Amino acid sequence: MKGLVLKDLLVLKVAMKTVVPIVLIFGFMGAMSGSAYMTTFASVYAAILPMTSIAYDERCAFNRYAMTMPVKTRDIVLSKYVTGLILAVAALVICIVITAFSGGMYAETILTAILIPMFYHSFMLPVMFKFGVEKSRLIVMVTVVIPALAIGFAEEAGVLDGFITTLASFSPTVLITGLVCVVLAMYIASIFASIAICKNKEW
């Protein structure tokens, strides 16, 4: 699997020439404004790159070629998840270095910048393995944008006030622990789902 991760990183080397400056820009913006959102966005932006890797694999039929070698389907799937985490953590480290002297980096920010990419991968990667890159873009747009709009309208209408009040009654430690457990459970389930999808797929 190490070779597959290295392959993905080398394939994405060209894309990284664009991503790294963007991550640096958001890192500096986060340091200057004290915004945790900028740091989180930088990690999420970097975590999108495995999707580009899947698109490259589809274009050159790499997975079909990989099946002729002693490579397990499980390794192909895991390499995408590992690559995504490596890139998300690398972006986070860059932001931490930039904000080290600003006092704007908190444990909650670091945790969020890891959990959100994991949540994104949990949903996105199985969909891409199942339907391919092109079809997945529309599917993700529909399944992400519509709920986001619905939540926004519900918040404006005050429907979520009771839910928010209930969450506020819990201690931060309980909320963070619960969030970590939920995301980890989704991430593990996503890996097994992706492996099952790929084992039944004709490359």
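Since the model is a prediction, treat every value here as computed from it, not as a measurement.
- Nearest heavy atom pair, residue K80 against residue S53, reads NZ-OG, 2.8 Å.
- Under the 4.5 Å side-chain heavy-atom criterion for Ile, Leu, Val, Met, Phe, Trp and Tyr, M128 and F192 are members of distinct hydrophobic clusters.
- Here the straight-line distance linking atom NZ of K72 with atom CG of L78 works out to 11.0 Å at 0.5 Å rounding.
- Among all heavy-atom pairs drawn from L125 and I54, the shortest one is CD2-CD1, 3.7 Å.
- In this structure the side chain of N63 never reaches within 4.5 angstrom of the side chain of K201, judged on heavy atoms.
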Listed pairs under 3.5 Å, donor-acceptor, residues 84-91 side chains, sequence neighbours left out:
none

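- Shortest non-hydrogen contact noted between I191 and V77 is O-CG1, 4.2 Å.
- Taking both residues in full, the closest heavy atoms of V183 and S122 are given as O-OG, 4.5 Å, listed atom of the first, atom of the second, then distance.
- Cluster annotation: M1 and Y81 are assigned to the same hydrophobic cluster (Ile/Leu/Val/Met/Phe/Trp/Tyr, side-chain heavy-atom contacts under 4.5 Å, transitive).
- Within 6.0 Å of atom NZ in K130, 12 or fewer heavy atoms from other residues, nucleotides or ligands are found, so the atom counts as exposed in its surroundings.
- Judged as a side chain to side chain contact (heavy atoms under 4.5 Å, CB included), and not counting sequence neighbours, the contacts of A66 are F62, M69, I76.
- Not a single donor-acceptor pair under 3.5 Å links the side chain of Y187 to the backbone N or O of V182.
- Using a 4.5 Å cut-off on side-chain heavy atoms (C-beta onward), L12 and T83 make contact.
- Salt-bridge check for D57 with K7: passed, with a basic side-chain N closer than 4.0 Å to an acidic carboxylate O.
- Atoms OG and CZ, from S194 and F129 in turn, are 5.5 Å apart once rounded to the nearest 0.5 Å.
- Put simply, the side chain of M67 reaches to within 4.5 Å of the side chain of T73, judged on heavy atoms.
- Hydrophobic clustering (side-chain heavy atoms under 4.5 Å, transitive across Ile, Leu, Val, Met, Phe, Trp, Tyr) keeps M118 apart from I188.
- Connection of Y120 to L179 is established within a shared hydrophobic cluster, with ILVMFWY side chains joined at heavy-atom distances below 4.5 Å, either directly or through further cluster members.
- H121 and P50 get closest at one heavy-atom pair: NE2-CG, 4.3 Å.
- With sequence neighbours excluded, the residues satisfying side chain to side chain contact (heavy atoms under 4.5 Å, CB included) with F119 are M186.
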